[in-house]
Protein chains: 2
Amino acid sequence: MAYAKSGWTALADATRRTIFERLVDHPSSVSGLARALPVSRPAVSQHLRVLKDAGLVVDAPAGKQRIYRVDPAGLAALRAELDVFWSKTMAAYKTAIEQPPEEPK
Amino acid sequence: MAYAKSGWTALADATRRTIFERLVDHPSSVSGLARALPVSRPAVSQHLRVLKDAGLVVDAPAGKQRIYRVDPAGLAALRAELDVFWSKTMAAYKTAIEQPPEEPK
DNA sequence: CTTACGCGTTAGCGATGGCTTACGCGAAGA
DNA sequence: TCTTCGCGTAAGCCATCGCTAACGCGTAAG
């Protein structure tokens with residue numbers, strides 16, 4: 001409810017992941033991204049809006065252009081969430097190995 | 001053509017993330033999950049199929065039931081992918097701080 | 001001022017996705 | 001055996017999503 005759009009949702013689309021991966025390598029402008037992708041410029045704009053709403057990228061006007069870059073905070077949030085999954089899973093795995101319920105393989 | 005989609009796509013849906021979070025805490029059966037969620041049992045089955053195709057969960061028959069648990073391998077793959085984003089982003093940030101291009105007031 | 005460029009936004013369309021209802025199959029329990 | 005329980009799957013409906021085309025606004029250059 002209070003959540004905007006989750007970062008998971010933002011990175012769900014393949015095109016959007018490609019855009020994000022390019023921004024991870026180096027910041028760039030909207031038309032710069034559009035020129036390297038098989039979609040139109042407005043499509044890139046819409047994808048960037050989703051990524052921005054999810055807190056994964058930030059934008060800054062630079063003359064006529066508008067430069068987008070990755071927001072470390074949003075990326076860190078995703079990483080933290082995934083780390084919780086990871087640590088819980090590992091904990092469950094450890095106890096499962098120490099106490100095999102029935103059938104040792 | 002709905003072959004093994006990315007883990008990102010699998011975790012995009014909110015309901016599916018909830019299912020995955022429950023499995024992270026403890027393995028459970030299909031109807032067990034359905035009882036705790038506001039969706040029907042077939043819906044849970046379909047979600048579990050997506051998670052399974054993405055390599056995030058594994059299933060094992062247990063009598064009449066079928067127990068689903070998190071697959072550490074799939075989770076590790078996602079973690080690795082995210083870590084690449086993270087390290088690249090941090091590297092770009094470090095160089096940006098060490099070499100500020102300009103400082104317009 | 002006029003022109004050109006870069007972006008964001010909207011409307012509309014086709015495709016994708018999640019959900020329910022209704023079915024069929026296999027594994028316990030009586 | 002037959003009956004019940006737990007699951008998976010197919011069909012169909014409806015919402016959402018990604019895309020393009022067209023428009024309007026602000027900035028830089030002529």
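Labels below follow one simple rule: chain letters A, B, ... track the order of the sequence lines, proteins then strands, and each chain is numbered from 1.
Here the side chain of A:His47 is nearest to one of D:dC7, D:dG18, D:dT9, namely D:dG18. Counting only heavy atoms from C-beta on, A:Gln65 has its side chain closest to C:dG6 among C:dC19, C:dA28, C:dG6. Listed nucleotides: D:dC19, C:dG8, C:dC19. Nearest to the side chain of B:Thr15: C:dC19. Side-chain proximity of B:Pro42 to the nucleotides C:dT21, C:dG18, C:dC5 is greatest for C:dT21. The nucleotide whose nearest atom lies closest to any side-chain atom of A:Ser29 is, among C:dT20, C:dC7, D:dG6, C:dC7.
Computed from coordinates, the A:Leu51 CG to D:dG18 C1' distance equals 13 Å when rounded to whole Å. Residue A:Trp8 contributes atom CH2, which lies 19 Å from atom P of D:dC17 at whole-angstrom precision. Here C:dG18 presents its P atom at 12 Å from CG of B:Leu11, a figure rounded to the nearest Å. If you take NZ of A:Lys52 and P of C:dG8, they are 8 Å apart, rounded to a whole angstrom. Computed from coordinates, the B:Arg35 CZ to D:dC7 P distance equals 8 Å when rounded to whole Å. Straight-line distance from the CG atom of B:Leu33 to the C1' atom of C:dG18: 17 Å, rounded to whole Å. In this entry the distance linking CG of A:Leu48 with P of D:dG18 reads 13 Å, nearest Å. Rounded to a whole Å, the CG atom of A:Asp13 is 13 Å from the C1' atom of D:dT16.
Between the base of C:dG26 and the side chain of B:Arg66 there is no donor-acceptor pair shorter than 3.5 Å. At a cut-off of 3.5 angstrom, counting only N and O atoms as typed in the model, there is a donor on one side and an acceptor on the other between the side-chain of A:Gln46 and the base of C:dT10.
Among the heavy atoms of the strands, none lies under 4.0 Å from A:Pro61. Across all strands shown, B:Ser45 has heavy atoms under 4.0 Å from base atoms, whether or not it also approaches the sugar-phosphate. Base contact: A:Arg41 has a heavy atom under 4.0 Å from a base atom.
Using the Watson-Crick or G-U wobble rule with both distances under 3.5 Å, D:dA29 pairs with C:dT2.
Shown here for B:Arg17 and B:Leu11, the closest heavy-atom pair between the two residues is NH1-O, 2.8 Å. Between B:Pro27 and B:Ile67 the shortest heavy-atom distance is CB-CG2, 3.8 Å.
Of the residues near DNA chain C, A:Asp59 and A:Lys64, the one whose nearest nucleotide (by heavy atom distance) lies more toward the 5' end is A:Lys64. In terms of position along DNA chain D, the nucleotide closest to B:Gly32 lies nearer the 5' end than the nucleotide closest to the other residue of the pair B:Gly32 and A:Arg16. Comparing A:Tyr68 and B:Ser40 by the nucleotide of DNA chain C whose heavy atom lies nearest to each, the residue mapping closer to the 5' end is A:Tyr68.
A donor-acceptor distance shorter than 3.5 angstrom exists from the side chain of A:Thr9 to the backbone of B:Ala12, with no hydrogens or angles considered. Although no hydrogens or angles enter the test, the distance criterion places a donor-acceptor pair under 3.5 Å between the side chain of B:Arg16 and the main chain of B:Ala10.
Ring geometry for A:Phe85 against A:Trp8 counts as parallel: the plane angle stays under 30°, on a 0 to 90° scale with 60° as the upper cut.
Each of B:Leu56, B:Asp53, B:Leu33 was checked for a side-chain contact (heavy atoms from CB on, under 4.5 Å) with B:Leu48, and the lone residue meeting it is B:Leu33.
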